[in-house]
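Shown next, in structure tokens, is the structure this report addresses.
We use all heavy atoms of the structure for the numbers below, so side chains are in, but hydrogens, waters and symmetry mates are not. Reminder, nothing fancy here: chain letters follow the sequence lines and each chain counts from 1.
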Number of protein chains: 2
Amino acid sequence: MRPTVHDIAAKAGVSLATVDRVLNNRPGVRGVTRDKVERAIEALGYVRDVAAANLAKSRIYPLVFILPEGDNTFMRGLAAEVEAAKARSAVERTAITVLSVPAFDAPALAQALEEARGLDPAGVAVVAIDATEVVRAVDRLREDGIAVVTLVSDLPGSSRDHFAGVDNVAAGRTAGTLMGRFLGGREGPVAVVAGSMLVRDHRDRLEGFGAAMAESAPGRRLLPVVEGQDDPGEVDRLVSNLLADHPDLAGIYSLGAGNRGLIAALERTGRDKTVCAIAHELTPHSRTALLSGTLDALLNQDAGHEVRSAIRVLKARADGLAVIGAQERIRIEIFLKDNLPVDPA
Amino acid sequence: MRPTVHDIAAKAGVSLATVDRVLNNRPGVRGVTRDKVERAIEALGYVRDVAAANLAKSRIYPLVFILPEGDNTFMRGLAAEVEAAKARSAVERTAITVLSVPAFDAPALAQALEEARGLDPAGVAVVAIDATEVVRAVDRLREDGIAVVTLVSDLPGSSRDHFAGVDNVAAGRTAGTLMGRFLGGREGPVAVVAGSMLVRDHRDRLEGFGAAMAESAPGRRLLPVVEGQDDPGEVDRLVSNLLADHPDLAGIYSLGAGNRGLIAALERTGRDKTVCAIAHELTPHSRTALLSGTLDALLNQDAGHEVRSAIRVLKARADGLAVIGAQERIRIEIFLKDNLPVDPA
DNA sequence: CTGTTAGCGCATTCAA
DNA sequence: TTGAATGCGCTAACAG
């Protein structure tokens with residue numbers, strides 16, 4: 001059996017309460033006593049039973065998630081994952097509040113962060129927009145001792161505790177290398193469709209894509225990036241224009257959301273088999289398009305993993321505990337038609 | 001607060017012990033009483049606090065892992081993950097025993113399964129070999145009420161509870177599609193190096209690869225598969241011969257382990273940049289080779305995830321609980337030089 | 001068949 | 001500054 005607080009108390013010749021004080025370094029223990037206890041802890045190789053501790057504390061963690069509104073499937077999937085986490089609240093001892101804000105609207109986001117602060121939660125997870133007012137709002141939360149994790153899109157200039165998302169420069173590079181190799185010697189320019197250059201993840205992906213294309217396909221012409229606001233209708237319109245303007249278009253990299261529009265435009269114009277299309281996020285639509293060949297590859301971040309990771313990190317930070325970095329690293333997944341997970345995700 | 005056993009007892013007008021009997025459907029409760037309690041459970045929406053239950057039970061799960069010996073890095077990594085799980089034993093309430101057996105040796109494996117049975121564990125995780133004597137040994141464990149999970153390589157004909165590994169037909173298909181697209185119009189045959197056709201995972205990968213190549217690159221010549229026993233030295237020898245015999249070799253798919261040999265042969269002969277090489281499993285060697293360009297793509301299964309999943313399933317099965325399918329699904333990861341995880345894995 | 005009671009490992013009053 | 005006692009939600013002897 002592993003040692004318990006009783007063993008420590010016995011070995012150190014003190015009471016349970018004193019052991020507890022040392023363990024949770026609470027005040028009111030003499031230096032010598034503390035030393036005695038710490039030696040006993042060391043000698044016995046004690047590790048606290050977190051489950052029992054939580055049981056005794058019956059602690060719950062009030063958490064706030066701030067998510068963008070909008071019509072795109074990825075964000076809806078993310079929201080669904082937060083709902084799923086809410087359903088696990090009893091088990092995970094969390095109490096989750098969700099705040100919705102208009103997409104790509106920095107003032108609204110800053111205001112939502114203030115609202116979250118008013119709720120006095122243990123932690124806040126937020127899909128960030130890269131703006132100074134948002135940075136300030138996040139920093140204020142931190143000053144109040146509230147843990148903050150950015151979700152999907154990061155906010156590097158802020159004092160956020162952690163980023164639960166993928167390395168988007170690397171994601172863009174991956175897309176670039178795939179595009180370069182899939183096109184091979186084929187002629188023609190490549191287009192890039194983004195959601196908005198306001199969010200960090202889109203800027204990072206663009207940067208990575210450009211760099212990798214330059215390496216794996218030097219001389220290939222990249223068209224100026226267009227921004228579709230992650231809105232399917234807008235993306236459809238933009239892609240249709242691109243296809244009309246460039247009859248020799250060889251490839252499209254869609255680095256944001258709203259892929260329903262991309263897919264619709266490609267299929268409507270009959271260019272779905274000739275243009276190499278690489279997009280982000282596995283949704284029912286993109287899955288179908290990958291299977292039919294309209295999309296050639298899909299990069300994905302596991303929204304469920306991101307939400308679960310954000311919760312783990314927030315809880316740990318709220319308790320002042322360290323997190324295991326490796327477990328919280330979100331992978332960039334690559335899907336071809338052959339390695340799609342079987343469940344409709 | 002969520003309802004507890006006390007609430008149920010009060011509502012149903014019975015004692016704690018009776019509630020517990022119903023909850024864990026133990027015998028010795030009259031039908032009417034049982035009904036009363038069940039109605040109360042239903043009405044209150046009770047969900048058991050697993051942590052508290054485990055604390056009260058102070059149950060531990062004796063588990064046995066049976067792993068193949070051998071010089072390849074993947075299996076050593078798997079063993080390391082099992083060791084890591086062992087280090088978490090106190091927290092996860094497990095007691096893990098590891099049994100090593102010679103690789104690709106069915107009789108030895110069957111014997112190890114018998115040995116495991118003698119240890120009377122709650123569950124056994126085994127890297128399977130597809131042979132009737134192994135099937136029989138697994139079935140015997142199951143008859144004794146011991147949970148069995150196959151790890152990495154499956155045993156479809158047996159009564160194992162679960163397979164903790166990837167869909168290897170899909171993995172092979174993925175490799176085939178990548179190979180076809182990376183080669184494009186380039187001439188020349190493609191070689192396949194396996195470990196042994198005795199294990200299911202290698203047979204499955206070969207099948208998938210052949211099918212996908214036929215689709216994405218019809219007419220491309222596939223050389224007869226060679227078997228390197230997952231041994232770096234043997235693989236080196238075989239690949240060197242292939243390279244010598246086929247000056248026009250366009251690609252190599254290494255579907256087993258022992259990639260150090262593959263990499264060495266390619267680099268020694270200076271064919272590393274001209275031959276498109278796709279292999280399995282991320283190791284320090286394969287990572288370096290991917291970054292240098294000797295390997296063009298890497299398929300991977302997360303050994304850590306597989307081990308953790310096997311343990312979760314084994315524990316759940318030992319308790320007669322259901323598992324959440326989605327969480328236990330092991331993904332086929334694709335790595336290019338651009339999306340490698342940063343930690344040396 | 002049912003109920004009482006005493007823990008599991010830890011945190012937290014309240015006294016001393 | 002320290003200790004004794006009680007309870008978190010659940011299980012398991014042991015009585016009745």
Minimum heavy-atom distance [X]-[Y], with the two atoms named:
| X | Y | answer |
| --- | --- | --- |
| B/K11 | B/A43 | CE-CB, 4.2 Å |
| A/I146 | A/P121 | CG1-O, 3.6 Å |
| B/A112 | B/V101 | CB-CG1, 3.3 Å |
| A/V138 | A/R160 | CG1-N, 4.1 Å |

Item to check | 5' priority, DNA chain C, between B/R30 and A/V5 [closest heavy atom] | outcome: B/R30

Checklist entry - Does NZ or CZ of B/R48 fall inside the cone over B/Y46's six-membered ring, less than 6.0 Å from its centre and within 45° of the axis? => result no

Between [X] and [N], does any side-chain N or O lie under 4.0 Å from OP1 or OP2?
| X | N | value |
| --- | --- | --- |
| B/S58 | C/dC8 | no |
| A/R48 | C/dA11 | yes |
| B/T4 | D/dG9 | no |

Rounded interatomic separation in angstrom, taking [atom1] from [X] and [atom2] from [N]:
| X | N | atom1 | atom2 | value |
| --- | --- | --- | --- | --- |
| A/I60 | D/dC8 | CD1 | C1' | 15 Å |
| B/H6 | D/dG7 | NE2 | P | 10 Å |
| B/K36 | C/dC1 | NZ | P | 14 Å |
| B/R93 | C/dC8 | CZ | P | 12 Å |

Checklist entry - For A/K57 and A/T33, take the nucleotide of DNA chain D holding the closest heavy atom to each; which residue's nucleotide lies nearer the 5' end? => result A/T33

Next on the checklist: Can you confirm whether more than 12 heavy atoms, excluding those of A/Q111, are under 6.0 Å from its CD atom?
Outcome noted: no

Next on the checklist: Taking the minimum atom-to-atom distance to the side chain of A/V29, which one of D/dT2, D/dC10, C/dC1 wins?
Outcome noted: D/dT2

Checklist entry - Taking the side chain of B/A56 as its heavy atoms from C-beta onward, which of C/dG7, D/dA4, C/dG3 lies nearest to it? => result C/dG7

Next on the checklist: Let's see if you get this right: which residues in residues 17-28 of chain B place a heavy atom under 4.0 Å from DNA chain C?
Outcome noted: B/A17, B/T18, B/R21, B/G28

Checklist outcome for this item: CD of A/E92 to CD1 of A/I60, rounded to nearest 0.5 Å, is 13.0 Å

